[in-house]
Engineer: 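Pasting a structure below so you can have a look.
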Amino acid sequence: MSENIEKVKCLIIGSGPAGYTAALYAARAELYPVVYQGMQPGGQLTITTEVENFPGYPDGTQGTAMMEDMKKQVERFGTDIRWGEIVDLDVSERPFKAKTDEGKIILAETVIISTGASAKWLGMPSEQEYNGYGVSACATCDGYFYKGKVVAVVGGGDTAAEEATYLAKLVKKVYLIHRRDELRASKAMQKRVFKTENIEMVWDSAPKEIIGKKEGFSKAVTGVIVENLKTGEERTIDIDGFFVAIGHKPNSDMFKGKLDMDETGYLITRPDSTATNVPGIFAAGDIQDKTFRQAVTAAGTGCMAALEAERFLADQDD
C-alpha cells in the first residue's frame, strides 16, 4: 500500500467534547481511533472562558483547560490525534475514503463525524474583541455569570426569544435588539417574550459597536451603541453582557449530497441513535443536535457513536 494511503478502523472528524468522548470509548474498545482535529482543535469550548456546567469540575474550569484534559485522557488510551482537517469524504463504499488537507488518503472502516456547528456572528470587530469577555453566543452556557446584571440579546427568531426569556430569569434586565418592528419567532415564543416584564424590546435597530473597558489583560463589556435603522438615531445602552442569537450553522458543507441532512444542514440520525443514512457512518454532537447544543450532551452522543461503531464492526465480522 502506498505511503500516502492508510487504513484505519475508526476515523473521527472533529475534536470537541463529542469527538474526544467518541475517541475515548473507541480506544478502550481497541478500535485504534484516529482523530483529525479540524480548524478549531478542541471545538467551541476553546473560545469560552469559564465552564461551570460540565460534571466533574466543582469549582468550574477554563474551556481550553477542559479540552486539554479530554485530549490527554484519550491519548492515554492510545488515540492518534492529528493536526489538520479532512477536506473530502467518499461515502459510496466501505472502506470510506477520506482525504486530508495534505492530500493523504485515509481508508476508514467506520467514520464518526463530530465537526460541530459555528455560531453566526454580526461581524463587528468589537464583537470578536470581547468574545468570551462579555460577548457570548450561548445563554445557557454563560447566563449564570450575569446574575442580577443587565444584558442585551440580538436577534428576532426563536433562538433570540428563547435566549432572552432564559436570561430574564437570571438577570435584572434584558434588552432584545431586533432590526425589524416585529419578531420572526413563533407566536408562542413571542407571547413569552412580551409577557416577561424585564425584557425591553429595542425595535428597528442594529448594534453598531460594543463598548468595553480594559485593565491590563482583563476586558469587560460595558455597553453597546445601537442605531435605529429607520431614523438613523444612535443611542448607547449600558450593559454587562452581549448575547448574539442569530442562529448557528452546522459545519456540514463537506457532506452535502452525501448524507441526509435537514434544510438547515444538520445531519439526520436515526431515533435513539447516532447512525446516519449510510451504514458505518455516525454523527455526534452539534453537527446533529440543534436543540440542546451543550458540551455534556455532545459528549453523551460521542459515547453513543463509538459504541455503535464498535457494534457495527462486530456485526460485519459476524
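Bear in mind that the values here come from a model prediction, so they are computed numbers and not experimental data.
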Engineer: Is there side-chain contact between Y20 and T79, with heavy atoms separated by less than 4.5 Å?
Structural biologist: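 Not touching, per the 4.5 Å side-chain cut-off.
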Engineer: Side chains of N251 and T115: is there a donor and an acceptor less than 3.5 Å apart?
Structural biologist: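 No, no side-chain donor-acceptor pair sits under 3.5 Å.
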Engineer: Flag the pair K230 and D204 as a salt bridge only when some basic side-chain nitrogen lies within less than 4.0 angstrom of an acidic carboxylate oxygen.
Structural biologist: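 Salt bridge flag = yes for D204 with K230.
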Engineer: In plain terms, say whether R184 and D158 are close enough for a salt bridge, that is, a side-chain N and a carboxylate O under 4.0 Å apart.
Structural biologist: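 No.
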Engineer: Tell me whether D88 is salt-bridged to K97, with the criterion being a basic N under 4.0 Å from an acidic carboxylate O.
Structural biologist: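 Answer for the salt bridge query: no.
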Engineer: Check whether any side-chain heavy atom of Q316 lies under 4.5 Å from a side-chain heavy atom of R94, and answer yes or no.
Structural biologist: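 Yes. Closest side-chain heavy atoms under 4.5 Å.
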Engineer: If you measure from the Lys or Arg side-chain nitrogens to the Asp or Glu carboxylate oxygens, is any gap between E6 and R82 under 4.0 Å?
Structural biologist: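 Salt bridge present between E6 and R82.
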Engineer: In terms of side-chain geometry, is the basic nitrogen of E310 or K9 positioned less than 4.0 Å from the acidic oxygen of its partner?
Structural biologist: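 Salt bridge absent between E310 and K9.
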Engineer: Taking the basic N atoms (NZ, or NE/NH1/NH2) and the acidic carboxylate oxygens, is any pair closer than 4.0 Å for K173 and E200?
Structural biologist: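 Judged by the 4.0 Å cut-off on N to carboxylate O distance, K173 and E200 do form a salt bridge.
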Engineer: Quick one: do the D80 and Y36 side chains pair a donor with an acceptor below 3.5 Å?
Structural biologist: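 On atom types as modelled, these side chains do not qualify, holding no pair under 3.5 Å.
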Engineer: Out of curiosity, Q190 CD to T165 OG1, how far, rounded to the nearest 0.5 Å?
Structural biologist: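 So the CD of Q190 and the OG1 of T165 are separated by 12.5 Å.
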Engineer: State plainly whether the residues E182 and R180 are in salt-bridge range, i.e. N to O under 4.0 Å.
Structural biologist: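 Yes, charged N to carboxylate O under 4.0 Å.
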Engineer: Flag the pair E109 / V8 as yes when at least one side-chain heavy-atom distance between them is below 4.5 Å, and no otherwise.
Structural biologist: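 E109 vs V8: side chains apart.
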Engineer: Report yes if the side chains of F282 and T269 come closer than 4.5 Å at any heavy-atom pair, otherwise no.
Structural biologist: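 Side chain of F282 against side chain of T269, heavy atoms only: no contact under 4.5 Å found.
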Engineer: Side chains of F194 and M201, heavy atoms from C-beta outward: is any pair under 4.5 Å?
Structural biologist: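 A side-chain contact exists here, since the closest heavy-atom pair is under 4.5 Å.
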Engineer: So, S273 and E308: side-chain donor and acceptor under 3.5 Å apart, yes or no?
Structural biologist: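 Side-chain D/A pair, S273 to E308: present.
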Engineer: First locate atom CD of Q44, then atom OG of S118, and finally report the distance between them rounded to the nearest 0.5 Å.
Structural biologist: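 One finds 6.0 Å between CD of Q44 and OG of S118.
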Engineer: Grab the two heavy atoms, one from A137 and one from H248, that are nearest each other, plus how far apart they are.
Structural biologist: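 Minimum heavy-atom separation between A137 and H248: O-CE1, 3.8 Å.
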Engineer: Does a side-chain N-to-carboxylate-O contact under 4.0 Å join D253 and K249?
Structural biologist: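 So D253 pairs with K249 through a salt bridge.
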Engineer: Hydrogens and angles aside, do Q294 and T140 bring a side-chain donor and acceptor to less than 3.5 Å of each other?
Structural biologist: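 Yes - a donor-acceptor pair under 3.5 Å links their side chains.
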Engineer: Nearest 0.5 Å, what's the CG-CG distance between D262 and L267?
Structural biologist: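 D262 atom CG to L267 atom CG measures 8.5 Å (nearest 0.5 Å).
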Engineer: Report yes if the side chains of I239 and T222 come closer than 4.5 Å at any heavy-atom pair, otherwise no.
Structural biologist: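 In short, these two side chains do not touch, never coming nearer than 4.5 Å.
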